[in-house]
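The structure under discussion appears below in the form of structure tokens.
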Amino acid sequence: MISYLSASYVYPVTSGPIKNGVVGVEEDGKITAVFTAEDAAERQIQDVVTYDGILVPGFVNTHCHLELSHMKAKIAGKKGLVDFVKNVMKTRSADDYSIEVDMLKADVEMFEGGIVAVGDISNQAISASIKKGSPIYYHTFLEVMGFNPATAKLSMDRALEFEEKFEDLSLSIVPHAPYSVSSALFDALKANSVDKASLVSIHNQETADENAFFEDKTGSFLDLYEFLGLNIDFYKPSGKTSLQTYLPLLSPDNKTLLVHNTFTSMEDVKFAEAVHPNLYWCLCPRANMYIEDRLPDVNMLKDAGVRITLGTDSLASNRKLSILAEMEVLANNFDIPMWDLIKWATWNGADFLGVTERYGSLEPGKRPGINLLGYKEKNEEAVLNFKMKRLF
């Protein structure tokens, strides 16, 4: 049976918004048609359910740490990244049952919040069962770490063991961050992705001290290595920013997500786009405020024309896993057109994850989820009021 939904606007995303548009949808969420108001009237479509708001596809969360869901409100905010990382290491241990219960709650929270697909960071295999039973599509980024070059093989062997536990799930093995991965481990990761259409994700320039460490071996990361008991006498700074140091070590053939970008400059963007043709830039503004009390230069990224996606990060660094809440922070702090925000939250994320055949846009044949977003008129334009309801 086909239901017909209409709203003040229907935004397919792959085409412009349709005022008073109509969407045909089957019981399983498969879209059968998208009509203008005139087309629907001409076809004499009956029993149309009409909403006040904007119909959009389901949201795509390209950066999450599901396995940290048990750490909500356990780490004080605005203390900086190094303090945050130390506290994650100190407090992340818990019994498996508690972790699984909180992951399930987080998965349900995301589904109810209109999220249909997630790029999720894992450092172990505990989230596999939740993902297999979820209505949400997950791509797992199995992170590896090891700043000492001597441990590169050990780190890769451990990741390959965990990979087997994510059987039948979409997965790629990726670097955690430039300050936690040696050049030898970057080489091993690159070799592992040969002949694979692997997706890559890496935390990028989340704190100013990350750049300082690569430029002249100064800053708070020296305290982090001391905390870890890691002797880094072997390390020589490149004299370049973090991004300009590590990006050439990644294969330009792999779609690569740079996450956070809080301290990324225009010079970094120009460098990155020149050496890597398959970049996507993920913004997690609520986590940035929670950890560093700082937002990226979003206007600069937007004006540079890069492909922007959105993420929630984890409940260790956020109070809720809501893409709509991330959009609200961006709208309140930057001059971003509503339609651009929605595209970042839907199509761009689906494009990065390689799942546009199902998600990211309202088009016949897809089952992308349908969210109803609230809006208001401001200066004769529609703007979001950051209320929503999941319809499919």
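Just so you know, these numbers come straight off a predicted model, no measurement behind them.
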Between [X] and [Y], do the side chains contain an N or O donor and an N or O acceptor separated by less than 3.5 Å?
X    : Y    : result
N87  : D83  : yes
T262 : E206 : no
E273 : W281 : yes
S122 : T140 : no
D297 : T264 : no
S134 : D107 : yes
T356 : D351 : no
S198 : N254 : no
D268 : T241 : yes
D313 : N318 : no
S170 : H139 : yes
N261 : Q205 : no
S8   : K19  : no

Minimum heavy-atom distance [X]-[Y], with the two atoms named:
X    : Y    : answer
E377 : A382 : OE1-N, 3.8 Å
N211 : F263 : ND2-O, 3.4 Å
V144 : L185 : CG2-CD2, 4.1 Å
I291 : S317 : CD1-CB, 3.8 Å
L341 : L310 : O-CD1, 4.4 Å
H63  : I121 : CE1-CG1, 3.5 Å

Distance col, row N192:CG vs I173:CD1, nearest 0.5 angstrom, shows 4.5 Å

State the CZ-CG distance between F141 and N123, to the nearest 0.5 angstrom.
13.5 Å

Out of T207, V85, L81, V82, which one pairs with S220 under the side chain to side chain contact (heavy atoms under 4.5 Å, CB included) rule?
V82

Give a yes or no answer on whether the side chain of [X] reaches the backbone of [Y] with a donor-acceptor pair at less than 3.5 Å.
X    : Y    : result
T151 : L154 : no
S69  : L315 : no
D340 : I336 : no
R294 : M289 : no
K79  : I75  : no

Whether [Y] and [X] form a salt bridge (side-chain N of Lys/Arg under 4.0 Å from carboxylate O of Asp/Glu) is what I want to check.
X    : Y    : result
K131 : D120 : yes
K153 : D157 : yes
E167 : K132 : no
E267 : K270 : no

Between [X] and [Y], is there shared hydrophobic-cluster membership here, with clusters defined by ILVMFWY side-chain heavy atoms closer than 4.5 Å?
X    : Y    : result
L5   : L372 : yes
F59  : L384 : yes
I202 : I308 : yes
I342 : V34  : no

Aromatic rings [X] and [Y]: how do their planes relate, parallel, tilted or perpendicular, breaks at 30° and 60°?
X    : Y    : value
Y225 : F221 : tilted
Y9   : Y375 : perpendicular
Y235 : F213 : parallel

Taking atom NZ as the centre, does K86 end up with more than 12 heavy-atom neighbours from other residues, nucleotides or ligands that are less than 6.0 angstrom away?
yes

Regarding R367 and the six-membered ring of F392, is the cationic atom NZ or CZ under 6.0 Å from the ring centre and inside 45° of its axis?
no

